[in-house]
> 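Quick one: the structure is below, and I'll ask about it shortly.
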Amino acid sequence: MRSRRYVGSPWRVLVVALVVAPVVALVAGCAGAPAVRVQQLDTGVTCPSIGRMPLPADAPPATIVDQRLDAEILRWLAAAGVDTRAAAPACWVRHSTATRLAIAPSSGVSVGVGGGSWGRSGSSVGVGVGITLPVGESSRRDVALTIEFIDAARRQQVWVGTLDDTLRAAPSDAEIAGAVDTILARARPVLAR
């Protein structure tokens with residue numbers, strides 16, 4: 001009598017592999033998601049009205065990306081019910097971007113699952129799970145976006161949110177909107193009335 005190498009149905013191995021593979025892929029895909037870093041002054045200051053912080057007279061001209069970021073930030077705040085047209089706003093908003101050269105893996109992690117059966121009645125089953133890890137590097141320019149709220153009366157920073165590696169050097173409107181939404185969604189306590 002031949003001894004069996006596995007216990008139970010040969011299809012059980014295939015089912016287990018098909019359940020494990022998506023979990024591995026999900027964990028691998030979530031590992032690189034950028035997180036918002038937030039700092040907030042604990043004084044209970046809220047910003048029911050917000051305006052763009054006045055620039056000094058000797059400030060360089062605003063870039064096209066800066067103008068698009070300003071417009072999207074004010075659009076988001078207005079949509080959230082914040083008064084963005086007050087003559088003397090309670091808070092000012094400003095943003096800054098920092099560009100850096102980032103070294104990144106040339107390809108992402110991938111997971112593959114395969115299975116098959118052979119023999120006269122499919123009595124032999126084989127299952128394989130393969131994981132490909134990135135080899136090599138490539139460089140890219142990443143832009144970190146920081147949005148700040150400043151108490152206009154006291155001229156003190158009351159909230160700062162930063163999202164690293166969020167924009168390309170020439171971001172699309174969708175990328176700008178996504179980055180602004182990701183950061184300002186965390187600003188709700190400061191925007192509460």
Side-chain angles (χ1 to χ4, degrees), residues 28-109 134 137-193:
C30 292
V36 177
R37 290 181 284 126
V38 173
Q39 295 178 358
Q40 183 173 344
L41 191 63
D42 294 329
T43 59
V45 173
T46 60
C47 299
S49 61
I50 297 178
R52 187 171 177 266
M53 185 167 186
L55 296 174
D58 62 345
T63 66
I64 292 172
V65 172
D66 284 334
Q67 294 172 54
R68 291 168 53 209
L69 281 165
D70 281 342
E72 180 58 28
I73 290 167
L74 291 175
R75 186 209 60 76
W76 192 98
L77 291 168
V82 177
D83 180 8
T84 59
R85 299 186 186 274
C91 294
W92 291 322
V93 63
R94 70 178 175 186
H95 77 274
S96 61
T97 55
T99 305
R100 68 182 174 98
L101 182 63
I103 305 299
S106 59
S107 63
V109 175
E137 297 176 339
S138 65
S139 63
R140 68 177 194 271
R141 295 200 181 275
D142 286 332
V143 179
L145 174 61
T146 299
I147 299 175
E148 322 171 53
F149 296 132
I150 295 103
D151 183 323
R154 290 187 247 162
R155 300 185 63 86
Q156 293 178 339
Q157 196 178 57
V158 294
W159 187 90
V160 180
T162 301
L163 186 60
D164 290 325
D165 307 336
T166 185
L167 298 172
R168 294 176 295 129
S172 68
D173 289 340
E175 289 172 317
I176 288 174
V180 167
D181 181 61
T182 300
I183 294 171
L184 292 181
R186 298 279 306 272
R188 296 272 182 204
V190 176
L191 302 177
R193 296 177 186 204

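Here the structure is a predicted model, which means the values were calculated and not measured.
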> Rounded to the nearest 0.5 Å, what separates atom CD in Glu72 from atom CD1 in Ile147?
9.0 Å
> Which heavy atom of Trp76 sits nearest a heavy atom of Leu184, and at what distance?
CH2-O, 3.3 Å
> Please check if the side chain of Thr146 supplies one atom and the backbone of Thr162 the other of a donor-acceptor pair under 3.5 Å.
no
> Rounded at 0.5 Å granularity, tell me how far CZ in Arg75 sits from CD1 in Ile176.
11.5 Å
> Tell me whether Gln39 at atom CD has more than 12 heavy atoms from other residues, nucleotides or ligands lying less than 6.0 Å away.
no
> Please list, chain by chain and in numerical order, all residues satisfying salt bridge (Lys or Arg N to Asp or Glu O under 4.0 Å) with Asp181, sequence neighbours excluded.
none
> Distance check, rounded to the nearest 0.5 Å: Arg52 atom CZ versus His95 atom NE2?
7.5 Å
> How long is the gap from OG1 on Thr84 to CG on Leu74, to the nearest 0.5 Å?
6.0 Å
> Taking atom SG of Cys47 and atom CH2 of Trp159, what is their separation to the nearest 0.5 Å?
10.5 Å
> Write down the atom of Gln157, the atom of Leu41, and the distance for their closest heavy-atom approach.
O-CD2, 3.8 Å
> Provide the closest heavy-atom pair for Arg68 versus Ser172 in the form atom of the first, atom of the second, distance.
NH2-C, 3.2 Å
> Shortest non-hydrogen contact from Ala90 to Pro48?
CB-CD, 4.0 Å
> Could you check Val45, Thr46, Ile50 and say which one makes a side-chain contact (heavy atoms from CB on, under 4.5 Å) with Phe149?
Ile50
> So, using salt bridge (Lys or Arg N to Asp or Glu O under 4.0 Å) as the criterion, who are the partners of Arg37 when residues are at least two apart?
Asp164
> Val93 pairs by side-chain contact (heavy atoms from CB on, under 4.5 Å) with which of Asp70, Ile73, Val82?
Ile73
> Specify the closest pair of heavy atoms between Pro89 and Gly51, including all atoms of both residues, with the distance to one decimal.
CB-N, 3.5 Å
> Could you state the interatomic distance from CG (Leu55) to CZ (Arg94), rounded to the nearest 0.5 Å?
10.0 Å
> Go through it in stages, so that I can follow the logic: the residues are Val65 and Thr97, the test is side-chain contact (heavy atoms from CB on, under 4.5 Å), and I'd like the CA-CA distance, side-chain angles, deciding distance and then a yes or no.
CA-CA 10 Å; Val65 172; Thr97 55; 5.6 Å; no
> Show the nearest heavy-atom pair for residues Val190 and Val158, with the distance to one decimal.
CG1-CG2, 4.5 Å
